[in-house]
Amino acid sequence: MKKVYIRTFGCQMNEKDSEVVLSLLQPDFVLTEEPESADLILINTCSVREKPQHKLYSEIGRFKELKKKRPDLLIGVMGCVAQQEGERIVEKYPYVDLVLGTQAFYQIKSAIERRLREGKPVVLTELKPDFKPPLVLGSSKPKRVKAFVNIMQGCDNFCTYCIVPYVRGREVSRPPEDILREVEYLVKEEGVKEVTLLGQNVNSYGLKEKSYGDFASLLEKVSQIDGLLRIRFTTSHPKDLTERLMRIIAENPKVCKHIHLPLQAGSNRILKLMNRKYTREEYIAKVERLRELCPEIAITSDIIVGFPGETEDDFLQTIDMLEKVRFHEIFSFKYSDRPFAVAKNFKDKVPEEIKEERLKRVHEAQAKITAEIYQSYVGKEVEVLVEGRSERDENQLTGRTTTNVIVNFTAPRLDLEGKLVMVLIESAGKHSLKGRYVRASF
Ligand code: SAH
Ligand code: SF4
Ligand code: F3S
């Protein structure tokens with residue numbers, strides 16, 4: 001049997017695409033963790049910022065030596081950089097055999113055959129506006145607690161800093177029947193207890209495909225699947241967060257009490273330049289309503305510092321929003337120019353040192369808030385879905401709260417994978433909580 005090594009960068013959608021590719025390659029290939037022993041090496045790339053794109057180039061260089069030693073080795077590049085760069089990848093790196101864009105990777109098997117038949121690199125990067133991803137069942141990783149499920153792909157929002165709409169194509173939702181079949185399969189055949197529904201903007205699910213129903217109704221349908229314990233979803237665009245969706249999050253016991261709601265910036269002027277389509281006041285109003293309906297909800301966010309034209313005053317409004325909203329956690333990034341994205345041509349680029357300094361200030365402000373929030377869990381009993389043994393300590397278990405906080409804990413028995421248990425939180429770290437098992441949860 002042949003072996004495939006897959007290196008994945010970028011978001012959860014890319015992780016999911018890597019799993020799909022592996023399923024498509026079965027039974028001809030099995031997964032290996034060692035590139036040295038692989039017959040096929042796939043690099044699944046991300047181009048959302050400069051940094052992840054550079055990772056591809058360092059990674060490709062590493063595999064060039066392997067190819068020299070073993071000319072039969074096939075090297076493929078997929079994901080968003082493959083989509084963005086296409087032919088340029090094989091021009092620059094002639095030892096790359098396959099370049100498969102964000103829709104083309106479903107053709108991996110025929111692409112490999114073509115590569116072997118024609119003896120030259122195969123580059124497939126067509127993006128169709130009405131692309132329907134096929135339903136792929138049959139996993140690469142049988143028996144696991146958590147799984148990702150794509151509910152849509154692409155994005156129509158065109159935030160001015162962002163490359164995603166250009167490399168993932170137009171927003172298309174998957175039919176609810178396909179999604180439900182996939183979740184049922186995961187629960188019944190692979191023992192999955194928690195699914196994360198994925199899309200660049202899940203809140204706009206079905207808006208273009210009226211017969212599918214909206215995201216709130218999809219959540220309700222998925223929650224009716226027996227044996228499924230938890231549902232998560234990401235990412236939510238604030239502009240499309242409706243009262244109806246907030247109510248489902250608050251009321252449906254399987255829907256986790258966590259929402260990733262990227263704010264990006266705190267200044268209305270910058271939000272407008274970013275084309276985010278909400279103001280700080282509208283964002284706060286949604287957060288307040290959400291907390292009214294669901295007081296325990298954890299809100300996390302993405303923040304960009306140093307967007308073109310961002311003044312010290314604009315930046316202070318981002319810090320002010322962190323303090324007002326009190327996110328559980330944030331992911332923060334220095335703005336970087338991206339190909340195709342409109343903001344690339346904006347004037348008044350913020351110097352690197354200032355971006356660096358603002359990023360540091362954002363980190364510090366948020367670290368304090370996260371520490372306070374984590375500290376507030378100490379002494380409380382929380383429900384945790386057990387994912388397995390803790391990485392740091394074999395004798396402990398690990399899992400997450402409904403609010404998506406990692407909990408490591410001691411327990412009288414260690415065979416609790418996939419079970420919901422109550423844990424008493426005894427201390428808080430920077431990125432996780434510690435505690436001890438109290439009882440099973442029903
Ligand atoms: N669809 C999601 C996020 C996709 S990209 C959403 O709308 O929020 C993940 C994050 O990368 C974004 O939320 C943004 O914070 C960051 N990002 C995107 N483009 C960027 C750029 N050019 N420079 C810096 N950060 C960027
Ligand atoms: Fe990018 Fe904006 Fe779409 Fe998110 S919503 S993927 S940030 S264009
Ligand atoms: Fe990166 Fe593409 Fe995801 S650019 S963040 S891998 S959609």
Side-chain angles (χ1 to χ4, degrees), residues 7-18 43-56 77-85 100-103 105 127 148 150-172 197-205 207 233-241 259-266 270-271 273-278 283 299-308 310 318 327 329-346 349-350 352 355-356 358-359 362:
R7 183 88 167 87
T8 308
F9 298 99
C11 62
Q12 291 157 323
M13 263 163 255
N14 256 16
E15 282 180 43
K16 174 70 190 185
D17 290 348
S18 290
I43 312 168
N44 194 359
T45 58
C46 173
S47 61
V48 79
R49 287 172 293 276
E50 257 164 19
K51 229 162 122 188
Q53 185 172 344
H54 284 145
K55 286 189 187 152
L56 163 67
V77 179
M78 52 184 278
C80 295
V81 181
Q83 187 63 49
Q84 176 195 319
E85 296 295 312
L100 300 174
T102 54
Q103 294 180 356
F105 72 85
L127 268 192
F148 294 129
N150 280 326
I151 63 164
M152 56 212 295
Q153 58 165 56
C155 182
D156 284 353
N157 288 313
F158 294 94
C159 303
T160 54
Y161 50 81
C162 186
I163 196 174
V164 171
Y166 304 93
V167 288
R168 290 266 165 176
R170 292 291 58 74
E171 188 174 292
V172 182
L197 307 179
L198 299 178
Q200 291 299 345
N201 176 14
V202 291
N203 299 4
S204 64
Y205 174 84
L207 291 188
F233 53 88
T234 196
T235 298
S236 293
H237 195 304
K239 78 178 165 63
D240 297 310
L241 176 59
I259 188 166
H260 185 61
L261 196 64
L263 168 68
Q264 311 298 3
I270 298 295
L271 286 170
L273 287 170
M274 287 177 160
N275 191 30
R276 287 293 285 181
K277 302 192 181 83
Y278 53 83
Y283 188 95
I299 306 173
T300 56
S301 202
D302 291 349
I303 295 289
I304 297 177
V305 300
F307 184 81
E310 186 187 69
T318 297
F327 297 109
E329 219 147 8
I330 60 166
F331 300 95
S332 44
F333 312 104
K334 285 185 286 184
Y335 167 83
S336 59
D337 281 341
R338 303 313 295 135
F340 314 115
V342 188
K344 184 171 174 265
N345 303 317
F346 286 4
K349 294 280 159 61
V350 175
E352 189 57 31
K355 286 197 262 185
E356 196 68 58
R358 288 183 186 165
L359 187 70
V362 159

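Note that ligands are numbered from 1 as they come in the structure, with each ligand's atoms numbered from 1 the same way. No hydrogens, no waters, no symmetry mates; every other heavy atom, side chains included, goes into these values.
The side-chain tip of Arg49 points at the ring of Phe333 from less than 6.0 angstrom away and within 45° of straight on.
Legend: residues meeting salt bridge (Lys or Arg N to Asp or Glu O under 4.0 Å) with Glu356, ordered by chain and number and at least two apart, are Lys334.
Classification of Lys355 and Glu310 as a salt-bridged pair fails, no side-chain N sitting under 4.0 Å from a carboxylate O. Comment: Arg168 engages Asp17 in a salt bridge, judged by a side-chain N to carboxylate O separation of less than 4.0 angstrom.
Heavy atoms of Arg168 stay at 4.0 angstrom or farther from ligand 2. The shell of residues lying under 4.0 angstrom from ligand 3, judged by heavy atoms, includes Gln200.
Using a 4.0 Å cut-off to heavy atoms of Arg276, the atoms of ligand 2 that qualify are 2 (Fe), 7 (S).
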Kindly determine whether Asn157 and Asn275 satisfy side chain to side chain contact (heavy atoms under 4.5 Å, CB included), including the steps that lead there.
CA-CA 8 Å; Asn157 288 313; Asn275 191 30; over 6 Å; no
May I have the step-by-step check of side chain to side chain contact (heavy atoms under 4.5 Å, CB included) for Ile163 and Phe340, ending in yes or no?
CA-CA 6 Å; Ile163 196 174; Phe340 314 115; 4.0 Å; yes
Going through the distances and angles, do Gln200 and Met13 end up as a side chain to side chain contact (heavy atoms under 4.5 Å, CB included)?
CA-CA 9 Å; Gln200 291 299 345; Met13 263 163 255; 3.7 Å; yes
Would Thr8 and Asn14 count as a side chain to side chain donor-acceptor pair (under 3.5 Å) if you check the C-alpha gap in whole Å, the side-chain angles of each, and the deciding distance to 0.1 Å?
CA-CA 7 Å; Thr8 308; Asn14 256 16; over 6 Å; no
Report the C-alpha separation of Leu261 and Leu241 in whole Å, then their side-chain angles, then the decisive distance to 0.1 Å, and conclude whether the side chain to side chain contact (heavy atoms under 4.5 Å, CB included) test is met.
CA-CA 9 Å; Leu261 196 64; Leu241 176 59; 4.0 Å; yes
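Test Thr235, Thr234, Asp240 against Asn201 for side chain to side chain donor-acceptor pair (under 3.5 Å) and you get one pass: Asp240.
Within the 4.5 Å cutoff, the side chain of Met274 has heavy atoms near those of the Phe307 side chain. A 4.5 Å side-chain heavy-atom check between Gln264 and Tyr278 finds at least one atom pair inside the cut-off.
Only protein N, O or S atoms were considered, and those under 2.8 Å from atom 2 (Fe) of ligand 3 are Cys80 SG. Around atom 1 (Fe) of ligand 2, the protein atoms of type N, O or S found under 2.8 Å away are Cys162 SG, listed by chain and number.
Within 4.0 Å of ligand 1, the residues that place a heavy atom are Val48, Arg49, Tyr161, Gln200, Thr235, Pro262, Gln264, Arg276, Asp302, Ile304, Phe333, Lys334, Tyr335, Ser336, Arg338, listed by chain and number.
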